[in-house]
Amino acid sequence: GAGEPELADELALAVSACLHVGLGADHLPERRAILDEALAGQFGRLTPLVTALLQASMLTERIRFAELARFDAEFPAAWRLATELRSPELLAQLRFVQASRYLVAGDIELGTGSAVRGFETMTNVTATWLQPARFVLDSAAMLLTGTLSGHAAELAASLASPEHPSLPHLLAPAAALGFVQAGDLDRAAGLAARSFAPPPWSWTRPQAIAYWAQVAVAVGVPDPGWLYEQLLPHAGELAIVGAGVDCGGAVDSLLAGLAVRLGRPR
C-alpha cells in the first residue's frame, strides 16, 4: 500500500542470489513463482534496484515460455531503469536477454553482437563465469547456423585437454551433436557411449540435456528414457540455458523425438 516503506536495497543481493541459483533446471518453477509474486506487489513496495533485478530476470522467463510479445513490450522500460541506475551488471544481463530474443527469432548476427557487448561489460566486473558462458553462446550459434558439424572433431579432441574445468560436460554433447549433423552417426554414438554422464546441477545443465536429447533421438544413446524424464517437467517451454540462449528449440519437439525413439506415443 501507499504507506508501506520500500524494501531496502539490501534485499537486492538476496533477490539476485536467489534468482541466479534458480537458473538451475530443478529450480525454474520456484524462480518463476518468485518473479510473479514480487512483480505483482506481494513482497511490498520495491526499490528501483530490486525492481530492475526482477524485471531483467522476468524477461528470461518471457523467452522461456515464448511470451515474445510481452518481452517486446517490457524490455524498453527495463532498459531505461537499468540505465538510470547506472548498473553495469544489470545492463549486461539485459544485453544477454536481448541477445536471446534475437537468437530465438533466428537473427544470429544481432544476437551474438548483443551478447558480445554483454560480455565486454561483465568482464570488467567479474570473469569467473566467462569460459562456460562463452562456450554456451558459441556452441548455440554454431548449432543455429548449421556449422556445428564442421567443429565436431575439434570439440571432441579438446575433451582430452579442456580449456576450463567447467567445459567437458558441455563439450561432449556439442561434439556428438556435431557428428550427428555431419551424418557421422557411428562417431556420435561412440562418443556418447564413452563420454556421457549426467551433467552437474548447474545453470549450464539445460544445454547439455538438450544437446544429448538431440543426439539420442538420432542414434539411441544416451538413454532416451532418462533424457525424456529430465525434459518432461519442462514441457511447453523453449529449451534455453542461462539468460535465454536457445539450445534446442521447443522442449515439446525434443520430447516428441525421444518418444518416437522409445517407440511410445507422445
Kindly indicate, with the supporting measurements, whether the criterion side-chain contact (heavy atoms from CB on, under 4.5 Å) is fulfilled by Thr60 and Phe65.
CA-CA 9 Å; Thr60 291; Phe65 290 95; over 6 Å; no

Between Arg64 and Glu61, does the salt bridge (charged side-chain N to carboxylate O under 4.0 Å, His left out) criterion hold? Intermediate values first, please.
CA-CA 5 Å; Arg64 191 187 316 283; Glu61 300 311 302; 3.0 Å; yes

Less than 4.5 Å apart, any side-chain heavy atom of Ser166 and any of Thr204?
no

Shared ILVMFWY cluster between Tyr211 and Leu155, side chains joined below 4.5 angstrom?
yes

Considering only heavy atoms from C-beta outward, does the side chain of Pro48 approach that of Glu84 to under 4.5 Å?
no

Verify the cluster assignment for Leu258 and Val221: are they in a single hydrophobic cluster under the rule of side-chain heavy atoms below 4.5 Å apart?
yes

Where Leu254 and Ala239 come nearest, the two heavy atoms and their spacing
CD1-CB, 4.2 Å

Are Pro200 and His169 close enough that some pair of their side-chain heavy atoms sits under 4.5 Å apart?
yes

Determine whether Leu191 and Phe135 fall in the same hydrophobic cluster, where Ile, Leu, Val, Met, Phe, Trp and Tyr are linked whenever their side-chain heavy atoms lie under 4.5 Å apart.
yes

Salt bridge (charged side-chain N to carboxylate O under 4.0 Å, His left out) evaluation trace for Asp107 with Arg101
CA-CA 9 Å; Asp107 195 324; Arg101 177 66 178 91; over 6 Å; no

Main-chain N/O of Gly236 paired to Asp252 side chain as donor or acceptor, under 3.5 Å:
yes

Correct closest heavy-atom pair for Gly248 and Gln214 would be CA-NE2, 3.8 Å

Supply the atom-to-atom distance Met142 CE to His151 NE2, rounded to the nearest 0.5 angstrom.
5.5 Å

Atom of Trp212, atom of Leu227 and distance for their closest heavy-atom approach:
O-CD1, 3.6 Å

Do Arg264 and Tyr228 meet the cation-pi criteria used here (NZ or CZ under 6.0 Å from the six-membered ring centre, within 45° of the axis)?
yes

Atom pair CG/OG of Leu53 and Ser87 - distance to nearest 0.5 Å:
7.5 Å

Could you tell me whether Arg32 and Glu67 have a side-chain N and a carboxylate O separated by less than 4.0 Å?
yes

For the hydrophobic clusters of this structure (ILVMFWY residues joined by side-chain heavy atoms under 4.5 Å, transitively), does one cluster hold both Phe96 and Ile108?
yes

Backbone N/O of Glu109 and side chain of Thr112: donor-acceptor pair under 3.5 Å
yes

Do Asp36 and Met58 have side chains that approach each other closer than 4.5 Å (heavy atoms only, starting at C-beta)?
yes

How long is the gap from OG on Ser57 to CG on Leu35, to the nearest 0.5 Å?
5.5 Å

Decide yes or no on side-chain contact (heavy atoms from CB on, under 4.5 Å) for Leu91 and Leu85, but give the supporting numbers first.
CA-CA 9 Å; Leu91 290 170; Leu85 291 169; over 6 Å; no

State, yes or no, whether a side-chain contact exists between Ser139 and Gln207 at a heavy-atom distance under 4.5 Å.
yes

Do side-chain atoms of Ser149 reach the backbone of Ala182 as a donor and acceptor pair under 3.5 angstrom?
no

Euclidean distance, His234 NE2 relative to Ile240 CD1, rounded to 0.5 Å:
11.0 Å

When every non-hydrogen atom of Val215 is compared with those of Pro222, the smallest separation belongs to CG1-CD, 4.5 Å

Provide the closest heavy-atom pair for Ala174 versus Leu148 in the form atom of the first, atom of the second, distance.
O-CD2, 3.5 Å

Calculate, to the nearest 0.5 Å, the distance between atoms CZ and CG belonging to Arg261 and Asp223 respectively.
11.5 Å

Short side-chain to backbone donor-acceptor contact, Ser253 and Ala250, under 3.5 Å:
no

Is there a side-chain contact between Gln181 and Leu143, using heavy atoms and a 4.5 Å cut-off?
yes

Name all pairs fulfilling the salt bridge (Lys or Arg N to Asp or Glu O under 4.0 Å) condition that reach into residues 137-163, sequence neighbours left out, sorted by first residue then second.
Arg134-Asp138

Should Leu238 and Leu231 be counted in the same cluster of Ile, Leu, Val, Met, Phe, Trp and Tyr side chains packed under 4.5 Å apart?
no

Return the CG to CZ distance between Leu59 and Phe75, rounded to the nearest 0.5 Å.
7.0 Å

May I ask you to test the Leu90-Leu49 pair for a side-chain heavy-atom distance under 4.5 Å?
yes

Would you indicate whether the side-chain heavy atoms of Phe179 and Val219 approach each other to under 4.5 Å?
no

Here the pair of heavy atoms bringing Ser114 nearest to Gln98 is OG-OE1, 3.0 Å

